Amino acid sequence: MSAPSKSDRRATLRGGLPDRYLTPDDIAGMFGVPLETVYQWRRKRTGPPGFRIGKHLRYDPADVRAYVVQRKSACPDTA
């Protein structure tokens, strides 16, 4: 089993999130979904909570982790 590369965003989600706010591109990479899906989650309020810094959308790593934990506990059969 090889170690995940530093550029693998999904490995970041598994091993611990970075000490910076995440971009929509980061979220798409972590979850392996298209960027448009991240924006749809935002519009429908179904994905991790994000916030705006000026015109830029950002995600707090702690909120993303809480979202993942909540989703895993809500659907234990699919994990």
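Computed from a predicted structure; not experimentally measured. Here, residue 1 is the first one in the sequence, and each next residue gets the next number.
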J.: Quick test of your reading of the model: are D26 and R20 salt-bridged, counting only N-O distances below 4.0 Å?
T.: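 Between R20 and D26 there is a salt bridge, with a charged N closer than 4.0 Å to a carboxylate O.
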J.: Distance from Q40 atom CD to K44 atom NZ, nearest 0.5 Å?
T.: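 Going from CD on Q40 over to NZ on K44, the span is 5.0 Å.
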J.: Please walk me through it: do F31 and V38 pass side-chain contact (heavy atoms from CB on, under 4.5 Å)?
T.: CA-CA 9 Å; F31 291 107; V38 175; over 6 Å; no
J.: Are side-chain heavy atoms of L22 and M30 found at a separation under 4.5 Å?
T.: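 Yes - at least one pair of side-chain heavy atoms lies under 4.5 Å apart.
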J.: Kindly indicate whether the side chain of F51, heavy atoms from C-beta on, has any atom under 4.5 Å from the side chain of Y21.
T.: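 Contact flag for F51/Y21 side chains = yes.
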J.: Minimum heavy-atom separation for P49 to D63, with atom names?
T.: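 Closest approach of P49 to D63, heavy atoms only: CG-CB, 3.8 Å.
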J.: Can you tell if the side chain of L57 reaches within under 4.5 Å of the side chain of Y39, non-hydrogen atoms only?
T.: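 Side chain of L57 against side chain of Y39, heavy atoms only: contact under 4.5 Å found.
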J.: Where the side chain of S73 meets the backbone of V69, is there a donor-acceptor pair that is under 3.5 Å apart?
T.: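 Pair found, side chain donor or acceptor close to backbone of V69.
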J.: Which atom pair, heavy atoms only, marks the closest approach of W41 to P48?
T.: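 So the minimum-distance heavy-atom pair works out to CE3-CD, 4.0 Å.
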J.: Can any side-chain N or O of R42 pair as donor or acceptor with the backbone N or O of G47 at less than 3.5 Å?
T.: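 No; judged by distance alone, with no hydrogens or angles, the pair does not exist.
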J.: Are more than 12 heavy atoms, taken from residues, nucleotides or ligands other than R45, located less than 6.0 Å from that residue's CZ atom?
T.: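 It does not: R45 CZ has 12 such atoms or fewer within range.
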J.: Side-chain contact, heavy-atom cut-off 4.5 Å: Y67 with T46?
T.: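 Not touching, per the 4.5 Å side-chain cut-off.
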